[in-house]
Amino acid sequence: MSEDDKKRQEFAIFAEFAKICPLGIDLKTVKQPDPPQPDIECQLKDGEGRAYELCTVVDGLRSRRNKNSTRLLLEFYHAFDSLDDDIRHALRKNYSHSLISFKFVDLLDFLANRSAITEILRWLTVNRSKGPGVIHVPDELSEILTSIRVGRGSFNGPLFQVSDAGSHGFSVMDIIRKKFLKQYKTDMELELICYFHEQPSKPSVLWEQQLQQFMRENATTSLIRRVWVYDANEQKILSDISSEVISNS
């Protein structure tokens, strides 16, 4: 992607974000300077200046393996919602505080993997994990899965993860950490917009607590004073964390 294409995409993403941002951004004042200035400089409707750095959680050039793993993750949630009530309730009861991670033999074979998901969920319903750790993959699923791992937490489960997708909790945090290490030149208050674009967003339980803790620990280490997590596909703000609010909490 050329620099001009990058700027056009960032402006399009920012314009949609500005429509729902509660701060009241005046799009007529938007400028797109070059580094080390942030990606966007603009004014709010009250006249206050504001700068924004943008970053996408998932790079559009990622491999088919990564895209397929993300598609499979969505299929797990769809299959779970489509289960018969008694099976779904049993699975929820057995794995109510669990994150279940699946590693597939061949992520490139999306159709075969997707067709096995309901069978996998049904098998888990009658083969309850006794605790966190690795579950032995049965022979009938061994051509599809190499491992099943169960983690426990204080969230409402079951949550699912396809391991090669990379937990989006880590994806979000990795890119935010990199942005906090950058040096910026601006006289305006700086905010970061971390957005999902090429792929659907993931449950905030996988990354929001990490982000809050990161902001507590790094409130004074960067010019970035606020982080927005934005789903550009759904045009929805998923999280809004200010270092000022975090430091006072």
Side-chain angles (χ1 to χ4, degrees), residues 56-129 132-153 155-175 195-208 229-236 238:
T56 179
V57 176
V58 179
D59 192 314
L61 298 179
R62 286 198 177 197
S63 67
R64 281 176 57 206
R65 283 175 56 86
N66 194 51
K67 289 186 176 181
N68 281 353
S69 61
T70 299
R71 293 167 68 195
L72 286 171
L73 182 58
L74 296 178
E75 293 292 340
F76 268 104
Y77 285 103
H78 176 72
F80 176 77
D81 290 338
S82 301
L83 291 171
D84 293 341
D85 288 347
D86 57 337
I87 297 175
R88 188 173 63 255
H89 292 159
L91 191 59
R92 181 177 285 121
K93 179 180 179 181
N94 292 346
Y95 296 92
S96 59
H97 300 291
S98 300
L99 172 63
I100 309 172
S101 178
F102 304 93
K103 187 172 182 180
F104 285 82
V105 172
D106 182 7
L107 275 171
L108 296 180
D109 195 348
F110 173 76
L111 294 178
N113 294 335
R114 182 179 63 180
S115 66
I117 288 177
T118 297
E119 181 184 356
I120 293 169
L121 295 179
R122 288 178 179 273
W123 184 87
L124 284 171
T125 302
V126 296
N127 292 272
R128 180 179 180 180
S129 170
V134 176
I135 300 177
H136 175 70
V137 176
D139 290 343
E140 61 266 30
L141 295 175
S142 61
E143 293 185 3
I144 294 293
L145 293 173
T146 61
S147 70
I148 305 172
R149 180 178 292 274
V150 176
R152 305 292 192 192
F155 37 78
N156 293 323
L159 296 177
F160 305 113
Q161 179 175 303
V162 177
S163 60
D164 279 25
S167 164
H168 274 257
F170 294 111
S171 296
V172 171
M173 293 312 306
D174 285 347
I175 198 165
Y195 64 90
F196 293 92
H197 176 51
E198 294 292 340
Q199 299 186 45
S201 61
K202 299 298 175 288
S204 60
V205 68
L206 297 178
W207 48 262
E208 191 162 41
V229 182
Y230 172 60
D231 186 337
N233 303 300
E234 301 292 333
Q235 298 180 10
K236 179 181 179 181
L238 304 178

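As a basis for the values below, the full set of heavy atoms in this structure was taken, side chains included, without hydrogen atoms, waters or symmetry mates.
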Minimum heavy-atom distance [X]-[Y], with the two atoms named:
{"X": "E234", "Y": "D231", "value": "N-OD1, 3.1 Å"}
{"X": "P158", "Y": "Y77", "value": "O-CE2, 4.4 Å"}
{"X": "V105", "Y": "S142", "value": "CG2-O, 3.7 Å"}
{"X": "A112", "Y": "I144", "value": "O-CD1, 4.0 Å"}

Using the rule given for side-chain contact (heavy atoms from CB on, under 4.5 Å), can you reason through L83 versus T118, listing the C-alpha separation, both sets of side-chain angles and the distance that settles it, and then say yes or no?
CA-CA 8 Å; L83 291 171; T118 297; 4.2 Å; yes
Identify, with sequence neighbours excluded, every residue that meets ring pair (Phe, Tyr, Trp, His ring centres under 6.0 Å) alongside F110.
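With sequence neighbours excluded, F110 shows a ring pair (Phe, Tyr, Trp, His ring centres under 6.0 Å) to no residue whatsoever.
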Keeping to residues at least two apart or across chains, list the side chain to side chain donor-acceptor pair (under 3.5 Å) pairs with something in residues 89-99.
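Sorted result for residues 89-99: S98-R152.
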If you round to the nearest 0.5 Å, how far is [atom2] of [Y] from [atom1] of [X]?
{"X": "R122", "Y": "I87", "atom1": "CZ", "atom2": "CD1", "result": "3.5 Å"}
{"X": "S101", "Y": "L73", "atom1": "OG", "atom2": "CG", "result": "9.5 Å"}
{"X": "L121", "Y": "S82", "atom1": "CG", "atom2": "OG", "result": "10.0 Å"}
{"X": "L141", "Y": "H136", "atom1": "CG", "atom2": "NE2", "result": "10.0 Å"}
{"X": "T70", "Y": "F196", "atom1": "OG1", "atom2": "CZ", "result": "10.0 Å"}
{"X": "Y195", "Y": "I175", "atom1": "OH", "atom2": "CD1", "result": "8.5 Å"}

Residues forming a side chain to side chain donor-acceptor pair (under 3.5 Å) with [X], sequence neighbours excluded:
{"X": "D84", "result": "none"}
{"X": "E143", "result": "none"}
{"X": "Q235", "result": "E16"}

Using 30° and 60° as the class boundaries, would you call the ring planes of F76 and F104 parallel, tilted or perpendicular?
tilted
Worked verdict on W123 versus I148 for side-chain contact (heavy atoms from CB on, under 4.5 Å)
CA-CA 12 Å; W123 184 87; I148 305 172; 4.2 Å; yes
N113/F102 under side-chain contact (heavy atoms from CB on, under 4.5 Å): CA gap, chis, key distance, verdict:
CA-CA 11 Å; N113 294 335; F102 304 93; over 6 Å; no
List for me each residue that meets salt bridge (Lys or Arg N to Asp or Glu O under 4.0 Å) alongside D85, sequence neighbours excluded, and say none if there are none.
R88
After noting the C-alpha distance and the side-chain angles of I135 and I100, does the key distance pass the side-chain contact (heavy atoms from CB on, under 4.5 Å) rule?
CA-CA 10 Å; I135 300 177; I100 309 172; 5.8 Å; no
Expected output: side-chain N68 to main-chain D109 donor-acceptor under 3.5 Å:
no
